[in-house]
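Nothing here was measured: the structure is a model prediction, and the numbers come from that model.
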Amino acid sequence: MVDLVGGYYDAGDNVKFNFPMAFSTTILAWSVLEFGNSMGSDLSNALDAIKWATDYFLKATSIPGFVYAQVGDPYADHNCWERPEDMDTPRTSYAVSKQFPGSEVSAEIAAALAASSLVFRAIDLEYSARLLSRARTVFEFANQYQGSYNDGIGRWVCPFYCDFSGYQDELLWGAAWLYRASKDSNYWNYVVENIHNLENTVVKNINGFSYSGGSYAEFGWDTKHAGISILVSNLVMNSNPNFSPFIPNADKFVCTVLPESPTVSVQYSPGGLLFKPGGSNLQHPTALSFLLVVYARYLSQGNRVIHCGGVVATPARLIQVARGQVDYILGSNPLNMSYMVGYGKKFPQRIHHRGSSLPSINQQPGPIDCKGGTPYFSSNNPNPNLLIGAVVGGPDIKDSYNDSRADFVQSEPTTYINAPLVGLLAYFKTH
């Protein structure tokens with residue numbers, strides 16, 4: 001038996017999906033590394049949030065040759081609307097192994113542990129060393145037994161968190177974080193020698209949208225390409241400012257986001273919100289804006305600007321674009337509505353989240369069974385419990401928002417929407 005208590009539900013359900021959870025943890029750690037000095041008294045909360053995840057990942061990787069990838073039967077869970085306290089759906093755990101590899105989930109957990117080891121180095125050296133040691137072991141497993149968890153445990157992880165862009169990006173991301181945390185040149189060599197693998201990734205079609213796995217412009221729980229370029233750029237910006245393909249690809253990524261760039265590839269709503277294909281759209285403006293602000297800092301340190309064709313993009317312009325996205329999310333938009341629960345005068349009232357939408361145990365001590373929660377789900381009443389700080393999927397491309405639990409694309413909050421926003425808000429708080 002393995003103790004798998006801890007960790008986070010990814011969104012409004014009661015399942016622990018370790019792939020997006022690990023990504024959220026990596027980004028939270030990166031936020032503290034970049035902007036921890038601006039967090040003030042909230043730094044301790046950020047550290048607690050990271051440790052809650054890393055304690056769990058230490059458990060999920062405690063048996064050599066196995067990495068737990070998920071806890072909870074997602075089909076049974078999604079069939080019920082229950083408080084976490086009342087959960088009676090199967091808590092089956094799903095692991096990847098040598099026989100059924102899962103390089104993407106394993107390497108992302110390695111990245112989370114390595115990035116977090118840097119965060120704790122100045123606070124708890126022993127814990128930091130433990131995280132780094134485990135990150136090395138888990139990365140070794142991910143790399144030695146290469147394969148996608150889609151093939152081994154896909155009937156449980158898909159369609160929820162299927163890996164669409166291959167696992168090579170996670171291997172490189174994990175190695176880049178391990179190099180930053182350990183300064184072990186083997187990880188650096190791994191990144192440089194394997195970066196070409198990203199160019200060969202297949203283009204896949206998801207729900208009618210085509211995605212290129214080799215795209216330098218993608219960043220999120222499934223695709224790490226732009227993040228790798230920017231993370232590595234910081235390691236070489238001063239010594240080799242044209243280090244290929246990382247810095248050119250980081251520049252090209254910026255040129256896909258800036259509205260005035262001739263190579264812009266994202267869309268913007270009339271009110272100015274960034275859009276990319278797929279659900280839970282606010283994950284894109286938060287993650288891409290986070291990268292813009294981080295890269296702006298690296299560019300400033302290297303005294304560089306970016307050329308998008310004839311358009312010159314300064315670090316200040318990158319920050320301005322990111323700030324526009326953050327301001328939109330917090331209420332500077334056509335509906336004058338904040339998409340963060342509990343912030344501002346007007347915010348989402350009926351979020352797609354079980355714990356928020358069902359009466360608390362104080363109000364209703366008796367259990368609410370699987371279908372007992374359905375009337376609360378269907379109700380037009382505001383959620384009784386405010387999930388303060390949660391950011392929902394957000395409005396559609398015409399800036400309209402359907403405040404309905406059933407419309408989970410718009411109304412469901414996720415950890416990977418919130419995580420990049422933590423660093424952004426810390427930055428803008430002091431700038």
Side-chain angles (χ1 to χ4, degrees), residues 1-8 16-33 46-71 93-147 149 152-153 167 169-188 190-191 221 224 227-228 231 415 419:
M1 289 288 284
V2 185
D3 168 12
L4 292 175
V5 170
Y8 294 100
K16 293 191 276 199
F17 293 101
N18 291 4
F19 188 24
M21 193 200 304
F23 171 72
S24 299
T25 308
T26 309
I27 296 305
L28 208 46
W30 197 1
S31 298
V32 169
L33 293 171
L47 298 175
D48 286 347
I50 293 168
K51 191 169 186 292
W52 184 257
T54 51
D55 283 353
Y56 169 76
F57 286 129
L58 287 171
K59 296 175 181 181
T61 56
S62 57
I63 302 177
F66 289 88
V67 169
Y68 283 89
Q70 184 172 317
V71 177
S93 52
Y94 305 90
V96 297
S97 59
K98 298 171 184 179
Q99 191 183 356
F100 298 106
S103 297
E104 63 284 271
V105 64
S106 306
E108 185 61 62
I109 290 173
L113 293 169
S116 301
S117 78
L118 283 163
V119 167
F120 288 106
R121 190 164 288 171
I123 307 154
D124 184 340
L125 199 53
E126 190 185 342
Y127 188 67
S128 169
R130 194 175 158 212
L131 295 178
L132 182 56
S133 168
R134 185 65 59 81
R136 286 177 179 270
T137 311
V138 175
F139 178 80
E140 194 56 40
F141 166 76
N143 186 45
Q144 190 175 347
Y145 303 98
Q146 290 194 20
Y149 79 161
I153 56 171
Y167 53 81
D169 55 327
E170 278 79 31
L171 287 170
L172 286 156
W173 174 244
W177 275 110
L178 272 158
Y179 174 68
R180 185 164 164 184
S182 69
K183 292 295 177 269
D184 180 337
S185 59
N186 290 321
Y187 295 117
W188 177 251
Y190 184 94
V191 173
W221 63 262
K224 311 298 157 18
I228 295 163
L231 184 62
T415 57

Find the distance between [atom1] ([X]) and [atom2] ([Y]) and round it off to the nearest 0.5 Å.
X    : Y    : atom1 : atom2 : value
M21  : E108 : CE    : CD    : 12.0 Å
F141 : Q146 : CZ    : CD    : 11.5 Å
L118 : S128 : CG    : OG    : 7.0 Å
K51  : L58  : NZ    : CG    : 8.5 Å
R136 : L132 : CZ    : CG    : 5.5 Å
I228 : L231 : CD1   : CG    : 8.5 Å

query: Do the numbers put K59 on top of the ring of F57, so that NZ or CZ is under 6.0 Å from the six-membered ring centre and no more than 45° off the axis?
result: no
Counting distance only, does the side-chain N/O of [X] pair as donor-acceptor with the main-chain N or O of [Y] below 3.5 Å?
X    : Y    : answer
S185 : W188 : no
S133 : A129 : no
T61  : V138 : no
S116 : A29  : no
R121 : A181 : yes

message: Classify the ring geometry of W177 against W30: parallel below 30°, tilted from 30° to 60°, perpendicular beyond 60°.
response: perpendicular
message: In terms of relative ring orientation, are Y187 and F139 parallel, tilted or perpendicular, with 30° and 60° separating the classes?
response: perpendicular
Closest non-hydrogen atom pair, [X] against [Y]:
X    : Y    : value
A115 : L33  : O-CD1, 3.9 Å
A111 : G174 : CB-CA, 3.9 Å
L131 : F120 : CD1-CD1, 3.9 Å
S24  : T415 : OG-OG1, 2.8 Å
V96  : S106 : CG2-OG, 3.7 Å
A53  : T25  : CB-OG1, 3.3 Å

field: Distance-only donor-acceptor check, side chains D55 and Y127, under 3.5 Å
entry: yes
task: Output, in order, the C-alpha distance, side-chain angles, deciding distance and verdict of side chain to side chain donor-acceptor pair (under 3.5 Å) for N143 and E140.
output: CA-CA 5 Å; N143 186 45; E140 194 56 40; 5.2 Å; no
Are the side chains of [X] and [Y] in touch, meaning some heavy atoms are under 4.5 Å apart?
X    : Y    : answer
Y68  : V2   : yes
W173 : T26  : yes
D169 : E104 : no
K98  : F66  : no
Y149 : Y94  : no

message: I'd like to know whether CZ of R130 has more than 12 heavy-atom contacts from other residues, nucleotides or ligands below 6.0 angstrom.
response: no
field: Stepwise side chain to side chain contact (heavy atoms under 4.5 Å, CB included) check, I153 with F100
entry: CA-CA 8 Å; I153 56 171; F100 298 106; 5.7 Å; no
- prompt: Taking the six-membered ring for Trp, is the centroid-to-centroid distance between Y56 and Y8 below 6.0 Å?
  reply: no
Candidate pair S93 and Q70, rule side chain to side chain donor-acceptor pair (under 3.5 Å), full reasoning: CA-CA 6 Å; S93 52; Q70 184 172 317; over 6 Å; no
- request: Go through the steps to decide whether Y190 and L178 satisfy the test side chain to side chain contact (heavy atoms under 4.5 Å, CB included), and finish with yes or no.
  value: CA-CA 11 Å; Y190 184 94; L178 272 158; over 6 Å; no
- prompt: Please walk me through it: do Q99 and Y145 pass side chain to side chain contact (heavy atoms under 4.5 Å, CB included)?
  reply: CA-CA 8 Å; Q99 191 183 356; Y145 303 98; over 6 Å; no
